2 protein chains.
Amino acid sequence: MDKLIFTNDQLADFARWLKVICEPNRLLLLEKIIDGVQCNCELGDALEMAPNLISHHLSVLREAGLIEAERDPVDGRWVYYSINLKAMEDLRSLFGDFFDTRRIQPRRLTCGPQVTEEQRLSLLRMTK
Amino acid sequence: MDKLIFTNDQLADFARWLKVICEPNRLLLLEKIIDGVQCNCELGDALEMAPNLISHHLSVLREAGLIEAERDPVDGRWVYYSINLKAMEDLRSLFGDFFDTRRIQPRRLTCGPQVTEEQRLSLLRMTK
DNA sequence: GATATAATTCAATCATGGTTGAAGTATATT
DNA sequence: AATATACTTCAACCATGATTGAATTATATC
């Protein structure tokens with residue numbers, strides 16, 4: 001575990017990643033690309049989505065760095081999309097760090113009823 | 001690794017989780033709760049957010065099952081929020097499974113230029 | 001150059017949900 | 001019951017981004 005506390009900038013960055021992948025159609029696209037289906041029309045057939053909508057979402061994923069595009073060397077009309085391994089690993093790692101249960105701290109006593117902890121334990125005993 | 005392929009239902013579920021946490025203010029709230037800050041006014045002070053906005057976002061997190069609420073036993077006006085450990089672990093695990101690079105498959109040859117693989121390798125050699 | 005195919009981009013429309021301000025509820029003290 | 005404190009809910013407004021339909025671009029063949 002590398003990160004104990006995340007800065008606001010890191011959280012904003014994390015949120016940007018999450019915004020990209022939380023869209024249901026984009027998650028479906030990612031799943032298909034991970035599973036080996038890769039060009040716009042294959043993806044469109046598999047997911048019953050229009051080509052322009054596919055392009056739009058793929059563009060968002062590409063700009064986020066999660067996927068890469070490559071034209072077919074024989075016929076450049078075909079564009080194949082693949083996962084960016086490094087980005088996928090980074091994101092998985094970031095997520096794992098953020099949701100690492102070892103990070104959980106006990107409640108901070110900066111607020112709450114105006115009694116001391118000792119008094120409070122006494123009161124608790126009395127109520128039981 | 002438990003999951004090789006995710007169903008559409010599982011992906012829709014995953015997207016719902018991600019929608020909840022991708023909102024920047026909710027991520028900030030999660031970070032504070034993980035770090036031990038727990039009541040509405042503490043969170044509000046820490047993040048400079050109005051009480052009603054805090055309540056709204058906490059409600060979304062609670063309905064998703066990621067956090068739990070508990071009233072102070074001495075003075076019930078205070079409500080403390082804590083992370084739901086199980087949910088956090090489930091989500092971390094789900095994310096780890098989905099973005100596991102071992103799931104990546106080679107491209108499926110259901111589309112692309114109308115040449116055989118052998119012809120295509122020949123063409124590649126010729127272009128080099 | 002004309003035509004075709006695969007994919008992308010543009011911009012208007014629409015859906016979703018965050019934010020805001022007001023009102024309401026829960027809990028406490030006197 | 002009146003008043004106070006902590007928190008929640010409501011609903012209108014607003015921001016964001018997905019979707020749609022049209023247009024454009026990239027690549028190919030003849």
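Since we're looking at a predicted model, the values are computed, not measured. Each chain gets a letter, A, B and so on, in the order its sequence line appears, and its residues count up from 1.
- Distance CE (Met49(A)) to P (dT19(D)): 7 Å, rounded to an integer number of Å.
- The distance from atom CZ of Arg62(B) to atom C1' of dT9(D) is 12 Å, rounded to the nearest whole Å.
- Using a 4.5 Å heavy-atom cutoff, the side chains of Ile54(B) and Leu29(B) are in contact.
- A heavy atom closer than 4.0 Å to some atom of DNA chain C occurs in Cys39(A), Asn40(A), Cys41(A), these being the qualifying members of residues 39-48 of chain A.
- Phosphate proximity of dA18(D) to Arg26(A): present, with a side-chain N or O under 4.0 Å from OP1 or OP2.
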Would you sort out whether Phe98(A) and Phe14(A) count as a ring pair (Phe, Tyr, Trp, His ring centres under 6.0 Å), showing the intermediate values? CA-CA 9 Å; Phe98(A) 186 86; Phe14(A) 189 30; 5.4 Å; yes
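- In summary, Arg103(B) and Asp35(A) do not engage in a salt bridge, as defined by a charged side-chain N under 4.0 Å from a carboxylate O.
- Where His57(B) and Asp75(B) each meet DNA chain C at their nearest nucleotide, the meeting point lying more 5' is that of His57(B).
- The side chain to side chain contact (heavy atoms under 4.5 Å, CB included) test with Leu91(B) singles out one residue from Leu66(B), Val20(B), Asn84(B), and that residue is Leu66(B).
- The distance from the CZ atom of Arg16(A) to the CD1 atom of Ile21(A) is 14.0 Å, given to the nearest 0.5 Å.
- When the P atom of dA6(C) is taken as reference, atom CD of Glu70(A) falls 19 Å away, rounded to whole Å.
- Look at CG on Leu61(A): it is 13 Å from C1' on dA18(D), rounded to the nearest Å.
- Looking at which nucleotide of DNA chain C each of Lys19(A) and Ser59(A) is closest to, the 5′-most match is held by Ser59(A).
- Whole-Å rounding puts the Glu63(B) CD to dG18(C) P distance at 12 Å.
- In this structure, Arg108(B) and Val37(A) approach most closely via the heavy-atom pair CD-CG2, 4.0 Å.
- What separates CG of Leu28(A) from P of dT19(D) is a distance of 10 Å, to the nearest Å.
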What are the atom names and distances for every N/O pair under 3.5 Å that joins the protein to nucleotides 20-24 of chain C?
unit_1  : atom_1 : unit_2   : atom_2 : d
dG21(C) : N7     : Asn52(B) : ND2    : 3.2
dG21(C) : O6     : Asn52(B) : ND2    : 2.8

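- Dashed line: the shortest gap from a side-chain N or O of Arg71(A) to OP1 or OP2 of dA26(D) is not under 4.0 Å.
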Report the C-alpha separation of Arg107(A) and Glu42(B) in whole Å, then their side-chain angles, then the decisive distance to 0.1 Å, and conclude whether the salt bridge (Lys or Arg N to Asp or Glu O under 4.0 Å) test is met. CA-CA 11 Å; Arg107(A) 148 163 161 63; Glu42(B) 282 171 324; 3.6 Å; yes
Would you please test Phe6(A) and Leu94(A) for side-chain contact (heavy atoms from CB on, under 4.5 Å) and show each step? CA-CA 10 Å; Phe6(A) 284 75; Leu94(A) 178 56; 3.5 Å; yes
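- Nearest nucleotide to the side chain of Ser55(A), out of dA26(D), dA7(C), dA28(C): dA7(C).
- A distance-only check finds no donor-acceptor pair linking the side chain of Glu63(A) to the backbone of Val60(A) [under 3.5 Å].
- When rounded to the nearest whole Å, the span between CH2 of Trp78(B) and P of dT5(D) equals 10 Å.
- One can place CG of Asn25(A) at 13 Å from C1' of dA15(C), the figure rounded to the nearest angstrom.
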